[in-house]
Amino acid sequence: MRMRKKSDLPQKTCEHCGLPFAWRKKWDKVWDEVKYCSDRCRSERKRSGTSQGVAGEGTA
């Protein structure tokens, strides 16, 4: 894989906090399933029980 600038990487918006986050190499094979920017947002989402977006759990 060729090096890219960080600004050229794909981005998504976190379903919990609403902040944008960029692609990471560890998410290469599961990028379509990633919904949260961090483990904290993923666990907060489970705890809060409120639905701001599509129900389910992401991989962070």
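Numbers for residues simply follow the sequence, beginning at 1. Worth knowing before you read on, the calculation uses all heavy atoms, side chains too, and leaves out hydrogens, waters and symmetry mates.
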Is there side-chain contact between Tyr36 and Glu15, with at least one heavy-atom pair below 4.5 Å?
yes
Answer whether the closest heavy-atom distance between the side chains of Val34 and Phe21 falls below 4.5 Å.
yes
Quick one: pull up CD in Glu44 and SG in Cys14 and give me the separation to the nearest 0.5 Å.
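If I round to the nearest 0.5 Å, the distance is 10.5 Å.
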How long is the span from the CZ atom in Arg42 to the NZ atom in Lys35, to the nearest 0.5 Å?
12.0 Å
So, for Cys17 and Cys41, which heavy atoms are closest and what is the spacing to 0.1 Å?
SG-SG, 3.8 Å
If you look at every heavy atom in Pro20 and Gln11, which pair is closest and at what distance?
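Closest pair (atom of Pro20, atom of Gln11, distance): CB-OE1, 4.2 Å.
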Could you walk me through whether Asp8 and Lys5 pass the salt bridge (charged side-chain N to carboxylate O under 4.0 Å, His left out) check?
CA-CA 5 Å; Asp8 293 340; Lys5 292 181 183 176; 5.6 Å; no
Salt bridge or not for Lys25 and Asp28, using N-O below 4.0 Å?
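Looking at Asp28 together with Lys25, the answer is no, because their closest N to O distance does not fall below 4.0 Å.
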Partner residues of Lys29 under the side chain to side chain contact (heavy atoms under 4.5 Å, CB included) criterion, sequence neighbours left out
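Partners of Lys29 under the side chain to side chain contact (heavy atoms under 4.5 Å, CB included) test: none.
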Results of side chain to side chain contact (heavy atoms under 4.5 Å, CB included) for Pro10 - residues two or more places apart only:
Arg4, Trp23, Trp31
Any donor-acceptor pair under 3.5 Å from Lys12 side chain to Ala22 backbone
no
